[in-house]
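Order of appearance sets the numbers: ligands from 1, and atoms from 1 within every ligand. One-based numbering along the sequence shown. What you see below is based on every heavy atom in this structure, not just the backbone, and it leaves out hydrogens, waters and symmetry mates.
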Amino acid sequence: MSVRINDIVPDFKAETTEGLIGFYEWAGGDWVVLFSHPKDFTPVCTTELAALAQLQPEFAKRRCKIICLSVDTLADHQRWTPDVKAVGGAPLSYPLIADPDLRLAKLLDMLPADAGATARERTVANNATVRSVFVICPERRIRMMQTYPMNIGRNFDEVIRVLDALQMSTEYDVSTPANWRRGQDVIIPHGLTDAEAKQRYPGGFRTVTPYLRYVADPSER
Ligand code: BEZ
């Protein structure tokens, strides 16, 4: 199955470090960051899980839950999680899915392109999931996806930035420019005429080109 932006994430059941969960029920009405990493007991992965454990309160403030998927076993996850706390200082505060038979990795299209079609063709290296990140909205759609290589750790501040931008664009029907951060001006949607924009933003807006018009962060009004 191929998974693309705006697809609905299928519901699934999974064994996790916090018990058996049904994804939809667990997510409830919140946003979700679902990320995979290639392997337990590896250096880059340990720093990533530690970074997210430290940042978890920032995601909680944004009504966003975190869940991680690894193709390793639950027993491996349980032996590994103390290392995550030792590295980052914060205990693992989100569930870690065990997926030793690759069922979810395949369902969510998280295996590398050279993984082959059957388990017989796979090696230990390409059995690992890629470093995927999905930001999923409360309507269960994938609103952002990133794929990183095995040896490069992700920037989770960027995931928070995108989450802020997605929540802003969903709530206020605006777009956000490059490197946007909360509090900065946002972009008026292309489909809105100037007359409609004047009605929607009586406080005024700034036109740079006919198709690039900025307005102050509407959440701060
Ligand atoms: C790492 O996290 O460092 C790693 C994971 C899988 C393969 C190689 C390195």
For this session: Give a yes or no on whether a salt bridge exists between Arg213 and Asp194, defined as a side-chain N under 4.0 angstrom from a carboxylate O.
Result: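 Result for this pair is yes, salt bridge flagged.
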Polar pairs, ligand 1 vs protein, N/O only, below 3.5 Å.
unit_1   : atom_1 : unit_2 : atom_2 : d
ligand 1 : 2 (O)  : Thr42  : OG1    : 3.0
ligand 1 : 2 (O)  : Val44  : N      : 3.1
ligand 1 : 2 (O)  : Cys45  : N      : 2.8
ligand 1 : 2 (O)  : Arg131 : NH2    : 3.0
ligand 1 : 3 (O)  : Pro43  : N      : 3.4
ligand 1 : 3 (O)  : Val44  : N      : 2.9

Exercise. Are Asp40 and His77 close enough that a side-chain donor and a side-chain acceptor fall under 3.5 Å?
Worked result: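 There is such a pair between these side chains.
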Problem set entry | Partner residues of Asp30 under the side-chain hydrogen bond (donor to acceptor under 3.5 Å, both in side chains) criterion, sequence neighbours left out |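 Only Lys65 meet the side-chain hydrogen bond (donor to acceptor under 3.5 Å, both in side chains) criterion with Asp30.
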Exercise. Which atom pair, heavy atoms only, marks the closest approach of Leu49 to Cys68?
Worked result: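 Result for this residue pair: CD1-SG, 4.1 Å.
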Exercise. With a 4.0 Å cut-off, would you call Asp164 and Arg62 a salt bridge?
Worked result: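 Salt bridge: yes.
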Problem set entry | Closest heavy-atom pair and its distance - Pro38, Arg131 |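 Smallest interatomic distance, heavy atoms only, reads CD-NH1, 3.2 Å.
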